[in-house]
Amino acid sequence: MKCKVTGELIKPFMSFGKMPSANGFLEKEKFKDEVFYEMEVGFSKKCHLLQLNEFPKPENIHNENYPFYTSSSNYMISHFNQFSEWLKKKYLSLSSNSKLIEIGSNDGTLLKNFNNTNTQAIGFEPSESVAKISLKNNVNTLKVFFNTDTINEVKNFKGKTDVICSANVIAHIPDLKNVMESVDLLLTNKGVFVFEDPYLGSMFSNVSYDQIYDEHIYLFSLSSVKKIANLFDFELIDAIKQMTHGGSMRYVIGRKDQHKISENVNTLLNYEKENKLDDLESCLNFKKDCENSKINTINSLKEMKKKGKKICGYGATAKSSTILNYCKLGIETIDFICDTTKEKIGKFSPGSHIPIVSVDHFHKNNPDIAYLFAWNHKNEIFQKEKDFIKKGGEWFSHVDLQK
Ligand code: TYD
C-alpha cells in the first residue's frame with residue numbers, strides 16, 4: 001500500500017479481515033449483493049499517519065441513504081453548541097461580517113448555532129439524507145463533497161474565510177492533499193482550519209479498535225497533523241482534547257508564522273513521543289492488544305451463552321460493524337441490536353446480519369446482557385436506561401465502561 005499523503009510504500013501492520021461498509025445497514029434481499037473489502041491498516045513513517053489500505057468509494061457511502069444523524073445524541077448537540085461558542089469567542093469577530101465553512105455539516109447541528117449571527121456560514125454536505133434536514137434547519141448547505149472544484153461554488157469565500165471547521169469528517173476524506181489545497185485557497189492570512197476527530201492516543205489506550213472502519217480512513221495524532229500541515233506551509237497552532245467519540249482531539253491549523261503556538265502543542269507532542277505514537281512500535285503493540293481483546297470478547301460472550309443468558313446489542317453504530325465482523329459474531333450470539341435511528345430499524349447489520357430493532361423492543365424483550373456498541377455515549381445511555389440495571393441487566397463492552 002501507499003501513504004495517501006506522502007506516496008511512500010507502506011507494509012500494512014495488521015488486517016481485521018473482510019469487512020462490509022460499516023454504515024451499510026441492509027434488507028434481507030440485499031444480503032447476496034453485499035460488498036466486502038480487506039480492512040488492512042498501515043502506518044506512514046514519513047508523516048506518522050495510521051491509515052486504511054482499501055476502502056469503498058465515498059460516493060457509495062455519502063448519498064441519500066447515509067444513516068448517521070449528528071442530532072441522534074443530545075450530548076453531541078450540546079458539544080456542537082459549545083464548539084460553536086468557542087469558535088465565536090476565539091476566532092470570529094462578532095462585530096464585523098465573518099465567514100465560516102463547515103466540511104461535512106451533516107444535519108446542521110453545528111451550523112444552526114450561526115443562524116442569526118454576523119457570521120456568514122455555509123456547510124458542504126454530500127449526503128442527501130442529512131443535508132435535507134440541514135436545509136430544513138435554515139442552514140446554508142451545498143450538497144457536494146468539499147474539494148478544489150466544488151469550492152468554486154463559493155467564490156466569495158476564496159481568500160476571505162476566517163474559519164474552516166469540521167468534526168468527525170476529515171478522517172473520512174481520502175484525498176487529504178486536496179483538503180489542504182482547498183483550505184489554502186479559502187482562508188484569509190490569519191484564518192484557521194479547526195477540526196476534531198477520534199484521537200490515535202485514545203484508541204491505543206482504550207483498545208477501541210472499532211474506531212477503524214471504512215469511513216475512518218485515518219486516525220490522527222498531533223504528530224501526524226503537524227507533519228501534514230507543514231507539507232502545505234501551515235502549522236499546528238493548538239490542540240485540545242475532547243471527550244467525544246471516546247476520546248477525540250481538536251486540532252487548530254494556521255498559516256506558518258501567523259499565530260502564536262499554544263503550550264498544549266508541546267505538552268501533547270511530548271506525551272506522544274513518550275508513548276511512541278510517532279513510531280510503528282506502538283502500532284505493533286496495538287495489534288497484539290486487538291488480538292487479545294478479540295479473544296476476551298469471544299470467550300466472555302461464549303461463557304454468557306453457556307449460562308443461558310440472552311444477549312443483545314445497544315446502538316447500531318458504524319463501530320459495531322468492525323467488532324462484529326472482526327470477532328465473527330452473529331445471531332447465534334446476539335439476538336438483536338436496538339437503535340433510535342428510524343432509517344436503521346427493520347434492517348440488518350452489515351456483514352453480521354443481526355436484526356436492528358427499536359429501543360422499545362429492547363425495553364420489552366428483557367435481555368440479560370447488552371453489548372454497548374455506542375460505548376462513547378455511555379453516560380447519556382446509562383442515564384436513560386437505569387431500569388435495565390434495576391431489572392438485573394448487565395452492560396458489556398470490549399472497552400472499559402468504568403473509565
Ligand atoms: P455513534 O457512536 O455516534 O456513531 P458511529 O456510527 O460513528 O460509530 O453512534 C450513534 C448510534 O447510536 C446511532 O445509530 C444512534 C444510536 N444511539 C441510540 O440508539 N441511543 C442513544 O441514546 C444514542 C446516544 C445513540
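Please read these numbers as outputs of a predicted model, since none were measured by experiment. Whatever order the structure lists them in is the order used to number ligands and atoms, beginning at 1.
The cationic atom of K241 (NZ for Lys, CZ for Arg) lies less than 6.0 Å from the six-membered ring centre of Y271 and within 45° of the ring axis. A cation-pi contact, defined as under 6.0 Å to the ring centre and within 45° of the axis, is absent between K287 and F13. Figure legend: K294 and F16 shown without cation-pi pairing, the cationic atom not lying both under 6.0 angstrom from the six-membered ring centre and within 45 degrees of its axis.
Here D238 does not pair with R250 in a salt bridge; the nearest charged N to carboxylate O distance is not below 4.0 Å.
Heavy atoms of F68 found under 4.0 angstrom from ligand 1 belong exclusively to the side chain. Contact annotation: for K344 versus ligand 1, heavy atoms closer than 4.0 Å belong to the side chain alone.
Under the 4.0 angstrom criterion for non-hydrogen atoms, H245 is in contact with ligand 1. Contact between K384 and ligand 1 is present, with at least one heavy atom of the residue lying under 4.0 Å from the ligand.
Atom 16 (C) of ligand 1 has its closest protein heavy atom at D339 OD2, 3.2 Å. Of all protein heavy atoms, the one closest to atom 9 (O) of ligand 1 is T317 CG2, 3.2 Å. Of the protein's non-hydrogen atoms, the one nearest atom 18 (C) of ligand 1 is T340 OG1, 3.4 Å. The protein heavy atom nearest to atom 3 (O) of ligand 1 is H377 NE2, 2.9 Å.
Panel note: side chain E8, backbone K45; a donor-acceptor pair is recorded below 3.5 Å.
Taking the side chain as every heavy atom from C-beta outward, E38 and S15 approach each other to under 4.5 Å.
Ligand-side atoms of ligand 1 in range of K319: 1 (P), 2 (O), 4 (O), 5 (P), 8 (O), range being under 4.0 angstrom from any heavy atom. Those atoms of ligand 1 that come under 4.0 Å of a heavy atom in T341, given as number and element, are 13 (C), 14 (O), 15 (C). The atoms of ligand 1 that sit less than 4.0 Å from any heavy atom of N376 are 1 (P), 2 (O), 3 (O). Near Y213, meaning under 4.0 Å from any of its heavy atoms, are these atoms of ligand 1: 7 (O).
Close N/O approach between Y314 and ligand 1 is not found [any backbone or side-chain N/O within under 3.5 Å]. The N/O atoms of A318, backbone and side chain alike, include one that comes under 3.5 Å of an N/O atom in ligand 1.
For F55 and Y213, the ring centers are positioned 6.0 Å apart or more.
Listed by chain and number, the residues in a ring pair (Phe, Tyr, Trp, His ring centres under 6.0 Å) with Y91 are W86 (sequence neighbours excluded). Listed by chain and residue number, N266, T267 satisfy the side-chain contact (heavy atoms from CB on, under 4.5 Å) test with E263 (two or more places apart in sequence, or in another chain).
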